[in-house]
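Inspection log for the structure reproduced underneath, given as structure tokens.
Quick note on labels: first sequence line is chain A, next is B, and so on, each numbered from 1.
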Amino acid sequence: MKIRVHVSLKPGVLDPQGRAVHHALEGLGFDGVDDVRVGRLIELDVADSTDDAALTDMCEKLLANTVIENYRIEKVA
Amino acid sequence: MAFRAAVITFPGSNCDRDMAVAIEQVSGTAPIRVWHGDAHLPEDLDFIALPGGFSYGDYLRSGAMAANSPIMQSVKRRAEKGVPVLGVCNGFQVLTEAGLLPGALMRNASQNFICRTVALSVENTQSLFTAGYDAGSTIHIPVAHHDGNYFADDETLDRLEGEGRVAFRYTEPCNGSRRDIAGVLNAQGNVLGMMPHPERAVDAAHGGTDGRALFESAVRSLVKA
């Protein structure tokens, strides 16, 4: 089973990387971009028997730092 | 009385030897060197130090892998028992990732690696790490980090400040840290995490000795106990 975990900074947490990318987009002449946030995509290939609780546990214990980050689990196939 | 300290080395630690030398210079006893994959710490430790560096190459997030390494379970248990634990730079990141200290350390607001000596105000002179500093004093300690931007929510920050758990503050903005926080203590006061490197300021040859009092305070607290 393929799993994608999308990790992103919580709203309100300053994202310097996103700000730098935003600045670079403006430099390339792309107007009308209001904000940029950079996150992380983690792809897992897990046994089909892996349950949701285990996936949540992986996210909470390691993949995301819930002090500053949100995560979303997506089952691809 | 010998000062039994341990310095933990993770794959990618690079300030572990500096930390060991600083502890030995101040206490007179060489610390025990412990590998991250060890399951247990030596008995009867007086002090545990988590050094700076780039544990596990900072993959995923700074300190995240190291916080889950086998030795950290043992460090957590000792911390709960009241053994003093000092985490510097990457060690601070490991302590927050391990849940031993609140908050998180994010990429510097400037996106730049910062390597220079900074001025810090000593905000708490009551802890076992900071008792050797004069109240209201300003000290100069080197920083060298890419991820030193301290973040915690307002409620947590208010609690830390209210309980006197902000140990050090940058006297001017350094890396984007909220409220210019450079170092924090746990609720019991036996765990200190800080981004600046006190072990790089214990010998006149380092260009300053303002870090020395931190290690002297820890050694003295043992003698008193």
Side-chain angles (χ1 to χ4, degrees), chain A residues 2-28 30 33-47 50-76, chain B residues 55-70 72-73 76 90 92-114 145-157 159-160 173-181 184 186 193:
Chain A
K2 296 260 188 223
I3 302 292
R4 286 193 188 131
V5 177
H6 301 261
V7 180
S8 54
L9 284 171
K10 288 181 175 176
V13 174
L14 177 72
D15 177 3
Q17 199 181 355
R19 209 169 49 179
V21 172
H22 190 190
H23 185 72
L25 285 173
E26 283 175 338
L28 287 168
F30 291 105
V33 180
D34 291 334
D35 192 22
V36 177
R37 308 281 286 173
V38 175
R40 183 192 300 272
L41 171 65
I42 301 167
E43 291 188 329
L44 309 174
D45 198 345
V46 300
T50 309
D51 63 13
D52 290 354
L55 292 173
T56 301
D57 221 21
M58 291 179 206
C59 291
E60 301 267 334
K61 283 189 175 152
L62 183 66
L63 302 180
N65 179 340
T66 56
V67 174
I68 48 172
E69 293 169 333
N70 289 326
Y71 64 87
R72 181 167 58 83
I73 298 166
E74 180 194 2
K75 291 182 187 172
V76 182
Chain B
S55 58
Y56 297 84
D58 276 357
Y59 289 156
L60 191 64
R61 294 179 307 276
S62 311
M65 306 289 194
N68 291 291
S69 64
M72 283 307 294
Q73 293 305 318
K76 279 185 199 175
N90 190 232
F92 185 13
Q93 294 157 349
V94 174
L95 289 173
T96 58
E97 284 284 345
L100 282 165
L101 288 172
L105 290 144
M106 307 199 310
R107 183 55 42 101
N108 294 340
S110 64
Q111 290 268 57
N112 294 321
F113 189 95
I114 301 170
H145 59 246
H146 206 165
D147 299 296
N149 180 354
Y150 184 72
F151 178 88
D153 59 28
D154 288 327
E155 192 185 314
T156 305
L157 292 171
R159 193 175 71 240
L160 289 174
C174 171
N175 48 26
S177 286
R178 296 204 72 194
R179 303 189 193 179
D180 294 324
I181 288 172
V184 296
N186 69 340

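Closest of all the heavy-atom pairs between A:P16 and B:A109 is CB-O, 3.5 Å. Heavy atoms only, all atoms of each residue included: B:L60 and A:L62 are closest at CD2-O, 3.3 Å.
Between the NZ atom of A:K61 and the CD atom of B:E97 there is a distance of 14.5 Å, given to the nearest 0.5 Å. Remark: A:I68 CD1 to B:L105 CG distance equals 8.5 Å, nearest 0.5 Å.
Taking the side chain as every heavy atom from C-beta outward, A:V67 and B:T96 never approach each other to under 4.5 Å. Taking 4.5 Å as the limit, every side-chain heavy atom of B:R107 sits out of range of all side-chain heavy atoms of A:D15. B:R61 places a side-chain heavy atom less than 4.5 Å from the side chain of A:R40.
With a 6.0 Å radius and a threshold of 12 heavy atoms from other residues, nucleotides or ligands, B:Y59 has its OH atom at or below the threshold. No more than 12 heavy atoms of other residues, nucleotides or ligands sit less than 6.0 Å from atom NZ of A:K2.
For chain B, the nearby part of A:E69 is the side chain; its heavy atoms alone come within less than 4.5 Å. Looking at B:N108, the atoms closer than 4.5 Å to chain A (heavy atoms on both sides) all sit in the backbone: N, CA, C or O.
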